[in-house]
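Written below as structure tokens is the structure these notes are about.
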Amino acid sequence: MAIQPLTLDGVVPYPPDTVAEYLAKGYWHDQTLPELLFATARRYPDKLAVIDRDTQLTYAQLTDEILRLAAGLKERGLRRGERVVVHLPNTYEYIVFVFALWELGVVPVVAPIAHRRAEIEHFIDIASARAYITVASDAGTDLAAMAADLKDRWPHLEHTLVLDPAGGGAEYDALLSKGSLVHARRCNPQDVALLQISGGTTGIPKLMPHTHHTYGYALRRSVAERGITERTVHLLVMPICHSMSTRSPGFLGAFSVGATVVIAPNGSPDAAFPLIERHRANRVTLVPPILLAWLNSSLRTYDLSSLEVIMCGGAKLSEEVARRVEPEFGVQLSQSFGMGEGLVVSNPADVDRATSVRYQGRPASEADEIQVIDDEGEDVPPGEPGHLLTRGPSVIRGYYRNPEQNALAFTADGFYRTGDIVERDERGFIRVVGRSKDQINRGGDKIAPEELENAFLAHDGIHNASVIGVDDEALGERIKAYLIPRSPEHATELTLAKLRPFLRERGLATFKLPDFVEVVDEFPYTAVGKVSKRLQREQN
Ligand code: AMP
């Protein structure tokens, strides 16, 4: 008998005619995420699915472990539609947990490991979570003690499962010892599959309800656009719960075609380069600060010759840096632009170089609807910057249990207001100009920080640059640049007096020149490793 879709309170549903249309046109498939994995496992049982530290699992072994973990979780009484906060580092156990929960129809709330009590407690509260899964400690924080405390505080939190700091351990083994489930459909593909965490550039992150349908659509698009095949060996370095690691193309994209995923604890050259050499990884997805660290790393003695494509997205990649990637690494640069809420665009593999360094991609399907509008809501012509709104088979219709934010962030007809300013050319390629709230207004002159950052990055002495507006009584805002020098010796060159002529030479108008520069060793980062301008603004 068919399993009816589950209604979760606090989830904004798709209108029934949209559901019918997306299914009829083949944007959404009648397939759950475990069904996608098990189909591949039947096709390639003996192929390596995942490599993590000393563990290497074939597709047959991975699906077997998932069914054993699912039996253990079922024995704990977890049922379809219930929510479980999963707060794990980059480990293969994360993958086994989310698939085991999906097999049962349970909804993981997937939190980056960098999150701490304030965020985790909020997720447990808002999602009325029945279980919390974490590791005993992370970067010096005692998460086991935190878990015990949270369990005492929240009566609906019945279970806490605490793995060893690097994954595995007695709790994990105990769960695996309860026998094995038989793979079967236990939920409807229209059900919420997971609650993803929003990037959180403003205050406490929001929860994004994604269904098996929205994720299935997004990963199929990504796999097709990026050319992922069964010969792909994908090094996963970004936090494992981020959409870049999960579905764009991420481990789900890889598993849909029988590729191999190699898990790195993080993206630093000393963690990632040895793994590329050892496992001959040919693909990786990075955010710009990590790509910069790779480009300027002294560890390039590792054999990285297996790398074919570096995918980069998640934040603005300056053109200056983009131009260095192909010559310096001998790889193809594949930019993308997207958001946890849904839309992801990327540059097709055969795009010309001028486009690949300047643009972040274009929608792969007419179903990915895009509006670029001015402050009055009118469409802007090609080449002009405007606010990006989007709707489509991968885009959520609202945040979970958040009507106030939904009224601001979504239009009545279901478009998501991304908060991004973009330009679109005649061909439909998108260039991200910046975030609307990052734009600096200096006495009426509008400055896109990215333009100034790009100019800074052409300077030999600058490793990275971040430009923000700081409050000013006379002008409203003035321009401040945080700069990381390439080496300590370069720091003395980075003064206003020396940098202003350099920027002028690069054609920047006088009103765009910085009022202040501050040389720093590091920037503050968000939980997924993007530069946090919010924290930088708070420092002023
Ligand atoms: P997240 O939900 O963490 O994926 O963050 C989504 C946001 O990251 C977008 O709304 C953009 O502001 C930003 N973003 C993602 N990709 C890019 C890109 N290629 N260029 C500029 N900004 C980006």
Side-chain angles (χ1 to χ4, degrees), residues 199 218 221-223 225-228 232-240 242-251 253-254 262 264 266-269 271-273 275-276 281-297 300 304 306-340 343-362 364 420 422 429-435 450 453-454 457 463-466 523 525-526 528-531:
R221 284 273 170 243
S222 185
V223 162
E225 277 274 294
R226 288 2 241 283
I228 308 296
T232 296
V233 180
H234 183 60
L235 181 72
L236 193 153
V237 306
M238 298 303 302
I240 196 159
H242 192 273
S243 43
M244 280 188 285
S245 297
T246 307
R247 59 140 163 99
S248 302
F251 64 82
V262 180
N266 59 61
S268 65
F273 289 0
L275 290 173
I276 295 173
N282 50 27
R283 294 243 172 194
V284 65
T285 307
L286 305 175
V287 284
I290 296 184
L291 178 52
L292 259 177
W294 284 31
L295 280 165
N296 296 337
S297 168
R300 299 268 289 278
L304 308 181
S306 56
L307 263 188
E308 293 166 13
V309 182
I310 293 185
M311 303 182 277
C312 186
K316 177 77 181 177
L317 178 64
S318 95
E319 242 180 282
E320 284 294 334
V321 178
R323 261 198 222 106
R324 292 176 55 193
V325 177
E326 300 196 2
E328 292 192 28
F329 275 110
V331 299
Q332 187 200 332
L333 168 69
S334 169
Q335 290 204 55
S336 68
F337 157 66
M339 58 219 59
L343 176 78
V344 179
V345 300
S346 49
N347 282 324
D350 56 0
V351 80
D352 62 283
R353 182 124 194 282
T355 304
S356 78
V357 294
R358 189 169 166 77
Y359 291 87
Q360 281 72 52
R362 69 173 169 197
D420 292 315
V422 305
F429 277 88
I430 289 175
R431 195 173 85 82
V432 185
V433 178
R435 298 282 303 161
E450 285 77 7
E453 288 160 5
N454 193 39
L457 285 163
H463 171 73
N464 205 355
S466 176
F523 295 152
Y525 294 100
T526 67
V528 297
K530 304 187 199 182
V531 178

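No experiment lies behind these values; they were computed from the predicted model shown.
Across all their heavy atoms, Glu319 and Val357 have their closest contact at CG-O, 3.4 Å. Heavy atoms only, all atoms of each residue included: Asn347 and Tyr359 are closest at ND2-O, 2.7 Å. In this structure, Ala281 and Ser306 approach most closely via the heavy-atom pair O-OG, 2.7 Å. Contact record, Leu235 with Val284: O-CG2, 3.4 Å, taken as the closest heavy-atom pair. Closest approach of Ser245 to Ile240, counting heavy atoms only: CB-O, 3.5 Å.
Partners of Glu453 according to the salt bridge (charged side-chain N to carboxylate O under 4.0 Å, His left out) rule, which considers only residues two or more places apart in sequence or in another chain, are Lys533. With sequence neighbours excluded, the residues satisfying side chain to side chain contact (heavy atoms under 4.5 Å, CB included) with Glu320 are Ser318, Arg323, Asn454, Leu457, Ala458, Arg506.
Here the side chain of Gln360 pairs no donor or acceptor atom with the backbone of Val345 at under 3.5 angstrom. Here the side chain of Thr246 pairs no donor or acceptor atom with the backbone of Gly250 at under 3.5 angstrom. Under a 3.5 Å cut-off, the side chain of Arg221 and the backbone N or O of Ser248 do not form any donor-acceptor pair. Put simply, the side chain of Arg300 gets close to the backbone of Glu328: a donor and an acceptor are under 3.5 Å apart. The main-chain N or O of Val432 is found under 3.5 Å from a side-chain atom of Lys316 such that the two form a donor-acceptor pair. In this structure, Gln335 contributes its side chain and Ser356 its backbone to a donor-acceptor pair below 3.5 Å.
Both the sub-6.0 Å distance and the 45° axial angle are not jointly satisfied by Arg431 relative to the ring of Phe337.
Applying the side-chain hydrogen bond (donor to acceptor under 3.5 Å, both in side chains) test to residues at least two apart or on different chains, the pairs with a partner in residues 284-296 are Asn296-Arg324, Asn296-His463.
The distance from the CD1 atom of Ile290 to the OH atom of Tyr525 is 9.0 Å, given to the nearest 0.5 Å. The CZ atom of Phe251 sits 10.5 Å away from atom NE2 of His234, with the distance rounded to the nearest 0.5 Å. Between Leu317 atom CG and Ser336 atom OG the span is 10.0 Å, to the nearest 0.5 Å. Rounding to the nearest 0.5 Å gives a distance of 11.5 Å between CZ of Arg226 and OG1 of Thr232.
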Go through it in stages, so that I can follow the logic: the residues are Leu307 and Ile276, the test is side chain to side chain contact (heavy atoms under 4.5 Å, CB included), and I'd like the CA-CA distance, side-chain angles, deciding distance and then a yes or no. CA-CA 8 Å; Leu307 263 188; Ile276 295 173; 4.1 Å; yes
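Side chains of Phe429 and Pro348 form a contact here, defined as non-hydrogen atoms less than 4.5 Å apart.
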